[in-house]
Amino acid sequence: MSDQGKVAPARRRGLADEVADRIREAIFNGVYAPGEQLREVELSGELGVSRGPVREALRLLEREGLVHCAWHRGTTVTTLSAEDVAELDSLRGALEDLAVRQVIVHASDEDLASIAKTADMMERASDAHEMVRLDIAFHDAVFGAAGHQRLADAWDGIRCQVHLFLLTRISRSTAGYLDCIPREHHGLVTALRARDTNTALDLFAAHRRHAVDVVAGTTA
């Protein structure tokens, strides 16, 4: 058998993945704000690696939608436009509606308890960035409890952008944020535990709409 057509050897990309993890966490922690430039030279110095892994990491983050690379501007943390927000919200809504329906029909009591646990953790969040992480964790738990692998994969494809959207939300306003978010999520848990499809869908939609309104500046 000739060598032609054989699978090429896999490349190990552990360092680039680790660098991407570090940069992603810095974005999620608010170290780098939307629109801020990410310079390869500075990042390689701060992370103690060469520019190659940094360049590769930035490409990974661009595929996740967290950064934008342009030849004339370099690499910047993504700033979500009104169109970005609308597209992300509509796609998230479609995925989440299916997840809610799946959870109500298929989730076990243990699955629902896991979702409730993330909502309980929100009561102890010390700052807005931690609350955003817990918000994402809550929705991770919902999609995980749906018992639908392709749906979970679809959520995984946008979750970093949703995280960025929620960071944009708290950059607009944090008035009442630490109080209202746990309350909203406890309401979602109650509807899921009651297996009340219509109420759950309405509450999840209202939860998403509130965040979009804050980003759009139509509510506090």
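Val214 and Ser173 make their closest contact through CG1-CB, 4.2 Å (heavy atoms, listed as atom of the first residue, atom of the second, distance). In this structure, Leu203 and Gly187 approach most closely via the heavy-atom pair CD1-O, 3.6 Å. Across every non-hydrogen atom of Ala16 and Leu60, the tightest pair is O-CD1, 4.2 Å. The heavy-atom pair separating Cys160 from Leu66 by the smallest distance is O-CD2, 3.5 Å. The two residues Leu15 and Pro53 come nearest to each other via the heavy atoms CD2-CG, 3.5 Å. Looking at every heavy atom in both residues, Arg92 comes nearest to Val162 through NH1-CG1, 4.0 Å.
A 4.5 Å side-chain heavy-atom check between Thr76 and Tyr32 finds every atom pair outside the cut-off. With contacts defined as side-chain heavy-atom distances shorter than 4.5 Å, the pair Val103/Phe143 does not qualify. A 4.5 Å side-chain heavy-atom check between Met121 and Phe138 finds every atom pair outside the cut-off. Looking at Ile27 and Val67, their side chains come closer than 4.5 Å, going by heavy atoms from C-beta outward. Inter-residue side-chain proximity for Glu130 and Arg124 is flagged as unmet; no heavy-atom pair is nearer than 4.5 Å. The shortest distance between side-chain heavy atoms of Val189 and Leu112 does not fall below 4.5 Å.
Note on ring orientation: taking the six-membered ring where Trp is involved, the planes of Trp155 and His139 are tilted (angle from 30° to 60°).
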| field | Worked verdict on Asp84 versus Leu88 for side-chain contact (heavy atoms from CB on, under 4.5 Å) | value | CA-CA 6 Å; Asp84 292 330; Leu88 188 58; 5.9 Å; no
| task | Carefully, step by step, assess Leu38 and Val54 under the rule side-chain contact (heavy atoms from CB on, under 4.5 Å). | result | CA-CA 10 Å; Leu38 300 175; Val54 172; over 6 Å; no
| Under the side-chain hydrogen bond (donor to acceptor under 3.5 Å, both in side chains) criterion, do Asp135 and His185 qualify, and how do the steps go? | CA-CA 8 Å; Asp135 198 335; His185 285 81; 3.0 Å; yes
| field | Verdict with reasoning, Arg195 to Asp109, per salt bridge (Lys or Arg N to Asp or Glu O under 4.0 Å) | value | CA-CA 11 Å; Arg195 311 278 180 174; Asp109 289 342; 3.8 Å; yes
| request: Could you check Asp120 against Lys117 for salt bridge (Lys or Arg N to Asp or Glu O under 4.0 Å), going step by step and ending with a plain yes or no? | output: CA-CA 5 Å; Asp120 291 339; Lys117 183 177 179 180; over 6 Å; no
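Formation of a donor-acceptor pair under 3.5 Å by the Glu36 side chain with backbone atoms of Ala33 is found in this model. Remark: side-chain polar atoms of Ser44 are paired, donor with acceptor, to backbone N or O of Glu40 under 3.5 angstrom. Under a 3.5 Å cut-off, the side chain of Arg172 and the backbone N or O of Val215 do form a donor-acceptor pair.
Hydrophobic cluster membership is shared by Leu43 and Val31, with clusters built from Ile, Leu, Val, Met, Phe, Trp and Tyr side chains linked at under 4.5 angstrom.
Between Glu64 and Arg159 no salt bridge is recorded (no basic side-chain N to carboxylate O distance below 4.0 Å). Taking the charged nitrogens against the carboxylate oxygens, Asp153 and Arg150 have no contact shorter than 4.0 Å, which rules out a salt bridge.
In this structure, Leu188 CG and Ile115 CD1 are separated by 10.0 Å, a value rounded to the nearest 0.5 Å. Note that CG of Asp196 is 7.0 Å distant from CD1 of Ile104, once rounded to the nearest 0.5 Å. In this structure, the separation between CG on Asp140 and OG1 on Thr118 is 9.0 Å, given to the nearest 0.5 Å. Taken from CD in Gln161 to OG1 in Thr168, the straight-line distance is 11.0 Å, to the nearest 0.5 Å. Between the CD atom in Glu123 and the CG atom in Leu178 there is a gap of 10.5 Å [rounded to 0.5 Å]. Considering CZ of Phe165 and CZ of Arg208, their distance stands at 10.5 Å, rounded to 0.5 Å.
Between Asp202 and Thr199, the side chains place no donor N or O within less than 3.5 Å of an acceptor N or O (distance only, hydrogens not considered). Side chains of Glu184 and His210: a donor-acceptor N/O pair is present below 3.5 angstrom, by distance only. A side-chain donor-acceptor contact under 3.5 Å links Arg133 and Asn29. Side chain to side chain, Ser108 and Asp111 meet the donor-acceptor criterion of an N or O pair below 3.5 Å. For the residue pair Arg39 / Gln37, a side-chain donor-acceptor distance below 3.5 Å is found, with atom types taken as modelled.
Atom CD of Glu83 sits in a sparse spot, with 12 or fewer heavy atoms from other residues, nucleotides or ligands closer than 6.0 Å. Within 6.0 Å of atom NE2 in His68, 12 or fewer heavy atoms from other residues, nucleotides or ligands are found, so the atom counts as exposed in its surroundings. Heavy atoms of other residues, nucleotides or ligands lying less than 6.0 angstrom from CZ of Arg101 number 12 at most.
In this structure, the ring of His163 has its center less than 6.0 angstrom from the ring center of Phe28.
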